[in-house]
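Every heavy atom of this structure was used, including side-chain atoms; hydrogens, water molecules and symmetry mates were not.
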Amino acid sequence: MDWTSWEPLETAHSFNNVTLRETLDGGQAFRWQWIEKEHCWEGVFGKTVVRLRLVKESKLELCTPFTLNNSALNKISEYLGAGIDWKAILDELPWRSDPILKESMEAFVGLRILNQPFGETLLAFLCSATKQIPQIKVMCENMAQAFGESITENHKSLPGWKRLSKATENELRQLGLGFRAKNIKKTADIIASRPDLLDTIELLPYSAAKEELMKLPGVGEKIADCALLFGAGKLEAFPVDTWILKILRNRYGLGDWNAKQIAQFGRIHFGQYAGLAQQYLFSWERSQ
DNA sequence: AGGCAGGTGGCCA
DNA sequence: TGGCCACCTGCC
């Protein structure tokens, strides 16, 4: 397969090797793999296939299997949040008064939140219940292989909800989805019957969007927040998973707080960009 | 071998 | 509301 030559991709602030990996393959997205031979990351989102690498420590470069036109470049830039002023947003986080947050931000300089296609972000996180990242990646790959559309000779997209609604629960179970198959099937049926539903939800303000998402079977607070944070650019979403529970209980002295209380603390303490703070803490906690 | 894993929904007090 | 448990499956 032919790829274009490597081209620079300008972004407002820089990744390093650790934070590029952490951003692409640290639990926000599940379709990136390290290509050792080429020393780059290869990923699929929507109908886009792209390779990324860092040169001279922090310069980001990309190439694609097709002609790299402006449309493709725009999609990749948007996916990576290249136009967002992350420096200004980071400055709004309460790191001045929060040494734990400050330490995690210093440990992961360049970490950012992806802006993935909304529908497939929801799908990936419907797979995430009580699963580790490598297993979620397997489920996504299985769904792409079984029901996705071919993009290149060796790349397939994740299936759309319409296609998923045509699959049976049993077919989905055979992809290793387990009890998640029932939720995915039921959610697919709802979305397929209301083709504008996800587009509408994505445009709503955070709270209303979350409320609507949680009406879908299998979507609780955590999965709704992940879909909105990683797939709709809603940086105030503060997903509380076992890792966040652990770090806030152990390091913020909230030992006897439950998930709901922790979520409320997070929104108040970290503010309008709580989701970004969450990602730093999440990466930091997982590295310990 | 048994328990646990980026949760959710249902049931019970 | 708040706590407990089943739910698929694979891996340590």
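- Once the 5.5 Å centre distance and the 30° plane angle are applied, the aromatic ring of Phe125(A) is found not to be stacked with the base of dG6(B).
- Ring pair Phe238(A)/Tyr273(A): centre-to-centre distance not below 6.0 Å.
- The side chain of Thr242(A) approaches dG6(B) more closely than any other nucleotide in the set dG6(B), dT8(B), dC8(C).
- Across all strands shown, dG6(B) remains unpaired; no Watson-Crick or G-U wobble contact has both distances below 3.5 Å.
- A salt bridge links Arg31(A) to Glu141(A): at least one charged side-chain nitrogen sits closer than 4.0 Å to a carboxylate oxygen.
- With the nearest nucleotide of DNA chain B identified for both Asn183(A) and Ser128(A), Ser128(A) has the one nearer the 5' end.
- The base of dC7(C) lies outside donor-acceptor range of the side chain of Arg180(A), with no N or O pair under 3.5 Å.
- At a cut-off of 3.5 angstrom, the base of dG6(B) holds no donor-acceptor pair with the side chain of Glu285(A).
- Closest-nucleotide positions on DNA chain B for Cys226(A) and Gly218(A) were compared, and the one nearer the 5' end corresponds to Cys226(A).
- The base of dT9(C) is paired with the side chain of Lys131(A) by a donor and an acceptor separated by under 3.5 Å.
- Taken to the nearest 0.5 Å, the CD1 atom of Ile223(A) stands 8.0 Å off from the CG atom of Leu122(A).
- Remark: Glu78(A) does not engage Lys75(A) in a salt bridge, criterion side-chain N to carboxylate O under 4.0 Å.
- At the phosphate of dC8(C), OP1 or OP2 sits under 4.0 Å from a side-chain N or O atom of Arg173(A).
- Nucleotide dC8(C) forms a pair with no other nucleotide shown, judged by Watson-Crick or G-U wobble geometry with both contacts under 3.5 Å.
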